[in-house]
Amino acid sequence: MPTALGPFLVLLLVWAGFGLAVAACAGTGDPWTFFSWRNQTLILAQSAIVAVGACGMVLVVVAGGIDLAAGSMIALCSVVTALVLAHSGCPPLGGFLFALLAVLGVGAACGALSGALIAGLRLAPFIVTLGMLSMARGAAKGAADNQTVNFDHPWLADLMTPTAYHAATDPWWQAPLIVAPGVWIAAGLVAVTWFLMERTVFGRNAAAIGSNPAAARLCGIHVAGHTIAIYAWCGLCLGLAGLLETAKLSQGDPTTASGRELDIIAAVVVGGASLSGGRGSVIAAAVGAVLMVVLRSGGQLLEWNPWVQEILIGVVIIVAVAVDRWRRGRSE
Amino acid sequence: MLRCSGLRKAFGATQALAGVDLAVEAGQVLALVGENGAGKSTLIKVLTGAHACDAGTMLLAGRPYAPTGPVDARNLGVAVVYQELTICRHLTVAENIVLGACPQRFGVIDRQRRDAMASAALAQLGIDLPLVARCGSLSVAQQQLVEIARALATTAEPNAEPASASPAPPAPSPRLQAPRLLILDEPTSSLTAADVGRLLAVIRRVAAAGAAVVFISHALEECREIAEQVCVLRDGASVLRGNLAEIDDAAMIRAMVGRSVDDLYPRPPRAAGSVALRCVQVAGEVLPRDASLEVRHGEVVGLYGLVGSGRTELLRVLFGLDRAVAGQVELEPKTEHPVVAASPITTPSPQTRLAQGMALLSEDRKAEGLCLGRSLADNLLLTRPGPACWNGSSWLPWLPTAARRIANGWIARFAIKARHGDQAVQELSGGNQQKVALARILHHGARILLLDEPTRGVDVAAKAAIYQVIGEQAAAGKAVVVVSSYLPELLGICDRIAVMRRGVLGAARPVAAWQPADLLAEALG
């Protein structure tokens, strides 16, 4: 049974449950709004950023670590994107590529720094990335001078907009994409991450380090180097997530994505990853990211209070992981 | 193949290796035996390069051999199967076998070659395991076989010259040779008899393929079955070497024990009183399997056995740390004769045991015995704070709090080398830390003392002091149970000794009725 099947079934169940609940409670208007195509594209578009972050986080978690700085790094990279677009003076495509390179570089550098501190000073990942959480947030605010950064770009915002709502003004390349381009970017990154984790020596070594660090060391795996690369990959993904966040907000905001790391970690964990390392699936983590959004958007359509949604999300995380643990415990 | 002479290694004042001579030829199996703590683990660490030896020479296939670490050793053709499994439970069999040496093309796993390598190694061992099975779902015996397969698959070719001038060969085909030297550290300790038989067959095949094998085990009959040569270690020195066929078990055991009990062990006059602790057919979830024991006030009872035989587990069950599944434990029993209840006992909590006057000194001082970062006084008062719970701030060191008075009392009584009672325990030496741990359970006022390896890792002077304390406590009417792997110590301080073997505790007999060789023979079974 593939690892992603369990979380996928949970997602299906929650999705259907919310849809039926919305239909049952609908006052006026279409009772089936939750199942509408428009709602599906919205859900996927909203999942994209968490899914991109989860691509980085899942490798870190499988290797036995954690990256608490994810939310702050997204904010930092969002500011970096906005600054590049505002000040580079490049044409739209050139500016976009320049911003992409910049966020990937900044993200990977921050991640590599976390990894180097963890490997070099032998500190717990929790501590180092907790420090990085504050440092990246501070750097974002400093770079943005404590304000949002505005820029002018003709199509960046379209990356995160589901198509076919303002078809008349859409650029020609959007029509065949069906869902927001950001969703395709996230899907592509999930595929790349899957290949990295399952088919490359680097990915399997990372799993070995998370599963049994002593064994990995005795078998000649360069644990410190791998740790740096693992966190750098996570930073790279968070850089891309920061770019998508900027597209969603249409501005660079140093205070955005506060607490987003918890959504990302929850997506990874709901996807069956073990926080003690060795186990995790990027596809299941992406499913987990969608699940988090379904919970939010379903609650909104049911017009629940935000506090009810928050409690419900907490319950679902715990139940999903407990069921997964119970299922594995029986099979092993 | 491997020739060592005069290997020496010291850690601080402890001489872990004090002159080891060792030789093993290609195709031959050497049994390395010795008591716990005789230096076997240190020897392996020197052979794999985890430690550098202080003196002595090592030759591998006639060349000087000085590995810088496990990887270097592996590249030189030396493979080790460690006592603790080094399996990644979440990875598959194939991934574990090629771990650290995975065939690849630009970083992408070459799965065909990986699977070929893994199945070749498994085939060479004559075992059949699915390559895609997760190792966590395998039995311990199967995991052990995976480790041996890894040793075969990933060790460098014996004949490959590291600085070969010939043009680089194309991608190496799956290797089928054995390593030059295979070291197995107690590979059978956690296996069933049938699995041991299979493992020995596998080792024989590896030796037949031309490898030199060093086989470490406590089970002498296994050694006889597999090995031609033997080397006995005692106190870090090789004391007996030769052909196994010419050495009988008695001679080997004499060489392993070979010490005389000196007068390190004071024995104040004492007389056994009423029964303080009685356990009848106690079994834990895994270990022990069947333990019956009676300990009287004013008596020291020793538990001997190999590491992993279940002695520590028995103490943990008695103290309520682990669950008992069968049997009965009575403290201060009213009747003279054991009454076996029909239903299994309920395990009390350690809190109850402490309240009842039982205390446990853990074998793992650093992890379980002490709060290392806290002060000496904090540790002493851990289980019995009494009115002395506030020991004063270390900024007000002149304040004569009750805690400081108590701490100073124990420092004086045990001659603990500490500046004052506010000093953190981790700043003390091992021997003084152990004195603090012992003082804690005495300060608690326990009447039944369970001491697990009370002198592990302490120097001779501290040992003598600890023996003194144990003798005094018994003379004062306490009931003492001592677990130790060090025979002279048990023979010196105990009134009676019982031997634990594979979870089953034998009858406790008076010290005078035991010969050291008998004890070892019973422990080895």
Side-chain angles (χ1 to χ4, degrees), chain A residues 1-3 58-59 61-65 191-226 229-230 233 271-282 284 324-325 327-332, chain B residues 44-45 48-50 67-76 78-92 94-114 132-139 143 146-147 150-151 153-156 183 185:
Chain A
M1 183 157 132
T3 351
V58 74
L59 183 68
V61 167
V62 164
V192 170
T193 309
W194 178 85
F195 186 83
L196 181 76
M197 289 177 66
E198 304 295 332
R199 289 286 179 266
T200 68
V201 176
F202 169 70
R204 296 325 289 161
N205 283 353
I209 291 170
S211 179
N212 188 342
R217 200 167 279 121
L218 282 174
C219 290
I221 294 172
H222 193 289
V223 174
H226 276 76
I230 286 162
W233 168 259
S274 158
L275 283 182
S276 49
R279 202 179 73 212
S281 148
V282 66
D324 187 59
R325 169 72 55 88
R327 204 167 51 86
R328 274 171 208 285
R330 276 200 328 167
S331 70
E332 270 172 16
Chain B
I44 291 172
K45 285 184 177 152
T48 56
T68 54
V71 184
D72 192 31
R74 195 176 65 187
N75 291 337
L76 291 167
V78 175
V80 186
V81 175
Y82 294 91
Q83 194 175 358
E84 325 81 59
L85 289 174
T86 57
I87 285 288
C88 294
R89 299 173 50 80
H90 301 95
L91 302 193
T92 65
E95 285 169 342
N96 263 297
I97 289 177
V98 301
L99 190 62
C102 191
Q104 53 178 304
R105 210 180 287 123
F106 309 115
V108 177
I109 294 170
D110 186 340
R111 286 188 290 159
Q112 264 181 354
R113 237 164 69 213
R114 178 192 70 187
V132 293
R134 306 248 159 221
C135 279
S137 64
L138 302 181
S139 71
Q143 293 182 7
V146 170
E147 284 215 43
R150 179 198 287 161
T154 59
T155 307
I183 302 171
D185 189 3

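Values below: all heavy atoms of this structure, side chains included; hydrogens, waters and symmetry mates excluded. Letters go in sequence order (proteins before strands), and every chain restarts at 1. Being a predicted model, the structure only gives us computed values, none of them experimental.
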With a 4.5 angstrom heavy-atom cut-off, could you sort out which part of [X] is near chain A: side chain, backbone, both or neither?
X: B/Tyr82; value: side chain
X: B/Arg114; value: neither
X: B/Arg105; value: neither

Should A/Arg204 and B/Cys102 count as side-chain neighbours, where that means a heavy-atom distance under 4.5 Å?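 Counting from C-beta outward, A/Arg204 and B/Cys102 never come under 4.5 Å.
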Can you tell which of A/Leu218, A/Ile209, A/Ile221 has the highest number of heavy-atom pairs within less than 4.5 Å of chain B?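 Heavy-atom pair counts peak at A/Leu218.
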Name the member of A/Cys219, A/Ala216, A/Gly203, A/Ala215 that forms the most heavy-atom pairs with chain B at distances under 4.5 Å.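 The residue among A/Cys219, A/Ala216, A/Gly203, A/Ala215 with the greatest pair count is A/Cys219.
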Straight-line distance of [X] [atom1] to [Y] [atom2], nearest 0.5 Å:
X: A/Ser211; Y: B/Leu99; atom1: OG; atom2: CG; answer: 9.0 Å
X: B/Arg89; Y: A/Arg279; atom1: CZ; atom2: CZ; answer: 11.0 Å
X: A/Asn212; Y: B/Thr86; atom1: CG; atom2: OG1; answer: 7.0 Å

Please identify, among B/Leu91, B/Val80, B/Asn96, the residue contributing the most non-hydrogen atom pairs under 4.5 Å to chain A.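 Most pairs with chain A among the choices: B/Leu91.
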Best-contacting candidate, B/Val108, B/Val98, B/Asp110, B/Asp72, against chain A by heavy atom pairs under 4.5 angstrom: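 Most heavy-atom pairs under 4.5 Å with chain A: B/Val108.
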Would you name the heavy atoms of B/Val71 and A/Arg217 that are closest together and state the gap between them?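 The answer is CG2-O, 4.4 Å.
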Minimum heavy-atom separation for A/Glu198 to B/Ile109, with atom names?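 Closest heavy-atom pair between A/Glu198 and B/Ile109: O-CD1, 4.3 Å.
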Between A/Ala214 and chain B, with a heavy-atom cut-off of 4.5 Å, which part of the residue counts as in contact: side chain, backbone, both or neither?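 Contact with chain B: none, neither part.
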